[in-house]
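Written out below as structure tokens is the structure these notes cover.
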Amino acid sequence: MHLLTLILGVVLLPKAYSLKCYECIPGASGTCTDTIKECPSQCAATRVTGYKGGSKLPVINSKGCAVAEECVEASINFGIDKTVVTSKCCTSELCNAQPAPEPTKSNPNGKKCFTCDGQSCTATLNCDGNEDYCISTKVNIGNDKVTLKGCASKLVCSNTVSAQISGAIGGQVSCCQGNFCNSASSTSAGLLLLLTPLVSLVVFS
């Protein structure tokens, strides 16, 4: 009897603890259609908001499964170019029907990192909100090697996410804590505006 109970428990446990969630992965047009998928623990709606030179870019909304560490507001900030991600997580059936909320207004938090202006990487960037790491990466765009430096949230600097960014942009991502720890250096081209949509989709899709 105990053996039968154990076998039934092993077979039925994954189904008993699975959760139906909406899934919506945006395509090239930025829009998507909801489907239903089973998730192990939480549903989530995610909003990616990009800014270029102070102008807001079209918002990218997605839905799917999530783990606890992804249920946060996070950002990656290269100065002229910033991407903010907000997630709304929940644990009831099909609870992620509504889009994630707009990002909260963030203020400088006192931390400072180097950023690049197209010619050099000696400019100062004041980090906002939960951007408590400095970030640095070099990427190849065509024949140019572009250095990007700025501020980032803890989620962006996690091993999993930084590895995903590295794979997508073909450059190593490094994070550090402490003012100006992403040391100054020169850069060959100011092409970072091309990267933000790619980085944001990789990090938070």
Spell out, yes or no, whether Val85 and Tyr133 are grouped together once hydrophobic residues are joined by side-chain heavy atoms under 4.5 Å, including indirect joins.
no
Would you please say whether a donor-acceptor pair under 3.5 Å links the side chains of Glu73 and Thr86?
no
Find the distance between CG (Asn77) and OG1 (Thr115) and round it off to the nearest 0.5 Å.
7.5 Å
OG (Ser153) and CG (Asn130) are apart, to the nearest 0.5 Å, by 3.5 Å
Is the backbone N or O of Pro40 less than 3.5 Å from a side-chain atom of Ser18, with the two atoms forming a donor-acceptor pair by type?
no
Is the Cys43 SG less than 2.5 Å from the Cys90 SG?
no
Check whether Val72 and Val59 end up in the same hydrophobic cluster, where Ile, Leu, Val, Met, Phe, Trp and Tyr are linked by side-chain heavy atoms less than 4.5 Å apart.
no
Would you call Lys111 and Asn179 a side-chain contact if the rule is heavy atoms closer than 4.5 Å?
yes
How far does SG of Cys121 sit from CG of Leu148, to the nearest 0.5 angstrom?
8.0 Å
Between Lys112 and Asn126: side-chain donor-acceptor atoms closer than 3.5 Å
yes
Over all atoms of both residues, closest heavy-atom pair of Val156 and Ile76
CG1-CD1, 3.9 Å
For Ser87 and Glu70, the nearest pair of non-hydrogen atoms, with its separation, is OG-O, 3.4 Å
May I ask you to decide if Pro101's main-chain N or O and Arg47's side chain share a donor-acceptor pair within less than 3.5 Å?
yes
Would you give the length of the straight line joining atom OG1 of Thr83 to atom OH of Tyr51, rounded to the nearest 0.5 angstrom?
9.5 Å
How about Gln177: does its CD atom have over 12 heavy atoms from other parts shown lying under 6.0 Å from it?
yes
Rounded to the nearest 0.5 Å, what separates atom CG in Leu19 from atom SG in Cys95?
6.0 Å
Carefully, step by step, assess Cys71 and Cys89 under the rule disulfide bond (SG atoms under 2.5 Å apart).
CA-CA 6 Å; Cys71 301; Cys89 296; 2.0 Å; yes
Shortest non-hydrogen separation from Phe78 to Lys149 and the atoms involved
CD2-O, 3.4 Å
Are Lys56 and Thr49 close enough that some pair of their side-chain heavy atoms sits under 4.5 Å apart?
yes
Run Cys113 and Cys151 through disulfide bond (SG atoms under 2.5 Å apart) and show every step you take.
CA-CA 6 Å; Cys113 300; Cys151 305; 3.7 Å; no
From CG (Asn182) to SG (Cys134), nearest 0.5 Å:
4.5 Å
What closest approach, in Å, do Pro103 and Val84 show between heavy atoms, and which atom pair accounts for it?
CB-CG1, 3.6 Å
Lys63 and side-chain hydrogen bond (donor to acceptor under 3.5 Å, both in side chains): which partner among Asp34, Thr46, Thr35, Asn96?
Asp34
Is there side-chain contact between Asn107 and Asn109, with heavy atoms separated by less than 4.5 Å?
no
Tell me yes or no: SG of Cys181 and SG of Cys176, less than 2.5 Å apart?
yes
Ignoring hydrogens, what is the shortest heavy-atom contact between Ala66 and Ser41? Give both atom names and the distance.
O-OG, 3.6 Å
Can a salt bridge be assigned to the pair Lys154 and Glu131 using a cut-off of 4.0 Å between side-chain N and carboxylate O?
no
Any chance you could lay out the disulfide bond (SG atoms under 2.5 Å apart) test for Cys157 and Cys175, step after step, and finish with the verdict?
CA-CA 6 Å; Cys157 290; Cys175 294; 2.1 Å; yes
With the side chain counted from C-beta on, respond yes when Cys39 and Cys21 share a heavy-atom pair under 4.5 Å apart, and no when they do not.
yes
Just so I know, are the side chains of Cys65 and Lys37 near enough to count as touching, which here means a heavy-atom distance under 4.5 Å?
yes
Between Ser106 and Asp128, what is the shortest heavy-atom contact and its length?
OG-CB, 3.5 Å
Verify, without hydrogens or angle tests, whether Glu93 (side chain) and Lys20 (backbone) share a donor-acceptor contact under 3.5 angstrom.
yes
If you group Ile, Leu, Val, Met, Phe, Trp and Tyr whenever their side-chain heavy atoms sit less than 4.5 Å apart, what else falls in with Tyr22?
Ile36, Leu94
